[in-house]
Amino acid sequence: MSIIKRLSHACVVALPLFAGALFSMPAHADHWVPWAFSWDRNEATHQHVSPEQGLKKIKTTSLWSPEGELLVVRLVKSKSFLKMVEMFEKEISEKSNPELISRYGMLLTYGAYMSDDEDDMVELATAADEYYDLALQKDNTCWGGWLGKATLYGFSEERDLEASSIKILKSMIEAQQKTKSNWHHVYPYLVLGAIYERKRDFLTAREIWTEGLRHFPNNEALNSKMAD
């Protein structure tokens, strides 16, 4: 039995509570992530990707990049997404690289955000959280594990989870103030700003994005946010 099915079976009584507390999408979200880079949605959602292709690409592409976002959206919207999840799951174990484990969690997180079915959404979100925990158990400094968990919790209706996400993201931003070497470092600013935007605290959101632009002045996603 797959991890998603096992988790679903174990949590069947708690599904309604979990759906409301951990992972509740706003009605206007249009099934896409609110911090996402600007990509062609038609191109992203209509290109078929085989499970074998998806498995190979997700191992070699940083998901915290414009190319990675486009890849994940294509994989999630692919007709073979569930088959891909099963194949990826067979390769994950306690011996796996924490970054690879967190990538799998991120794939499930995007799948949950873009799902039209509440039960599937909850199952995917539950499994994603388990994989982030596994990645962080192996390496408590795993960037993808912390950023993935913050992303998963950041749009929860449960204030404690939302607060936990904000705390994680602020800590990540504080820790990287002197580091500009990797593109994905911009994501804590994008996600944290998007959380405040959803809370309709537009002033704080713009302050966060403005701070991000101080470190990443040419970032297209941040500049797009500020132009809205």
Side-chain angles (χ1 to χ4, degrees), residues 1-11 23 25 29-33 35-139 142-152 182-184 187 191 221:
M1 184 182 293
S2 72
I3 187 168
I4 292 178
K5 289 181 179 178
R6 291 200 308 271
L7 288 168
S8 175
H9 180 73
C11 299
F23 207 80
M25 287 290 289
D30 194 26
H31 303 292
W32 72 290
V33 284
W35 60 87
F37 196 83
S38 299
W39 31 254
D40 185 329
R41 296 190 198 180
N42 290 327
E43 179 187 0
T45 58
H46 288 87
Q47 179 173 330
H48 175 70
V49 181
S50 71
E52 293 77 14
Q53 290 174 322
L55 191 64
K56 181 178 180 179
K57 289 182 177 181
I58 206 168
K59 289 180 178 179
T60 58
T61 306
S62 171
L63 304 189
W64 302 107
S65 67
E67 295 78 12
E69 277 190 357
L70 180 57
L71 170 63
V72 173
V73 172
R74 284 174 174 166
L75 298 183
V76 170
K77 299 302 290 186
S78 170
K79 296 178 181 178
S80 56
F81 173 62
L82 294 180
K83 177 65 175 178
M84 200 177 308
V85 167
E86 292 177 3
M87 291 178 62
F88 210 138
E89 180 182 290
K90 291 178 181 179
E91 297 205 6
I92 296 295
S93 71
E94 293 185 358
K95 296 181 180 180
S96 298
N97 182 286
E99 176 59 30
L100 181 62
I101 296 172
S102 65
R103 287 185 183 190
Y104 183 44
M106 201 62 212
L107 177 66
L108 298 180
T109 297
Y110 270 67
Y113 266 107
M114 301 180 72
S115 175
D116 292 311
D117 183 276
E118 185 173 285
D119 288 345
D120 287 346
M121 177 184 72
V122 173
E123 291 172 12
L124 291 166
T126 305
D129 201 29
E130 290 287 321
Y131 278 102
Y132 294 138
D133 284 342
L134 178 59
L136 291 169
Q137 286 169 12
K138 292 177 63 65
D139 179 5
C142 177
W143 180 276
W146 284 116
L147 190 51
K149 186 173 279 288
T151 300
L152 183 66
N182 295 318
W183 195 96
H184 70 228
Y187 270 81
V191 179

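FYI, the numbering just counts along the sequence from 1.
Residues Tyr113 and Val73 form no side-chain contact, since every pair of their non-hydrogen atoms from C-beta on lies 4.5 Å or further apart. Here the side chains of Thr109 and Tyr132 are in contact, with some heavy-atom distance below 4.5 Å.
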Original post:
Does the side chain to side chain contact (heavy atoms under 4.5 Å, CB included) test come out yes or no for Tyr104 and Glu89, once each step is laid out?
Top reply: CA-CA 8 Å; Tyr104 183 44; Glu89 180 182 290; 3.5 Å; yes
**OP:** Give the intermediate values and the outcome of side chain to side chain contact (heavy atoms under 4.5 Å, CB included) for residues Met84 and Ile58.
**Re:** CA-CA 11 Å; Met84 200 177 308; Ile58 206 168; over 6 Å; no
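Atom CZ of Phe88 and atom CD1 of Ile92 lie 5.0 Å apart (nearest 0.5 Å). Residue Lys59 holds its NZ atom at 3.5 Å from CD of Glu91, rounded to the nearest 0.5 Å. The CG atom of Leu71 sits 10.5 Å away from the OH atom of Tyr110 when rounded to the nearest 0.5 Å. Taken from CG in Leu63 to CG in Leu107, the straight-line distance is 7.5 Å, to the nearest 0.5 Å. The distance from atom OG1 of Thr60 to atom CG of Leu55, rounded to the nearest 0.5 Å, is 10.0 Å.
Residues Asp117 and Asp119 share a closest heavy-atom pair of OD1-N, 3.0 Å.
Partners of Lys56 according to the side chain to side chain contact (heavy atoms under 4.5 Å, CB included) rule, which considers only residues two or more places apart in sequence or in another chain, do not exist here.
The pair Arg103-Glu99 meets the salt-bridge criterion, with a side-chain N (NZ, NE, NH1 or NH2) lying under 4.0 Å from an Asp/Glu carboxylate O.
By the neighbour-count criterion of 12 heavy atoms within 6.0 Å, atom NZ of Lys83 is sparsely surrounded, having that number or fewer from other residues, nucleotides or ligands.
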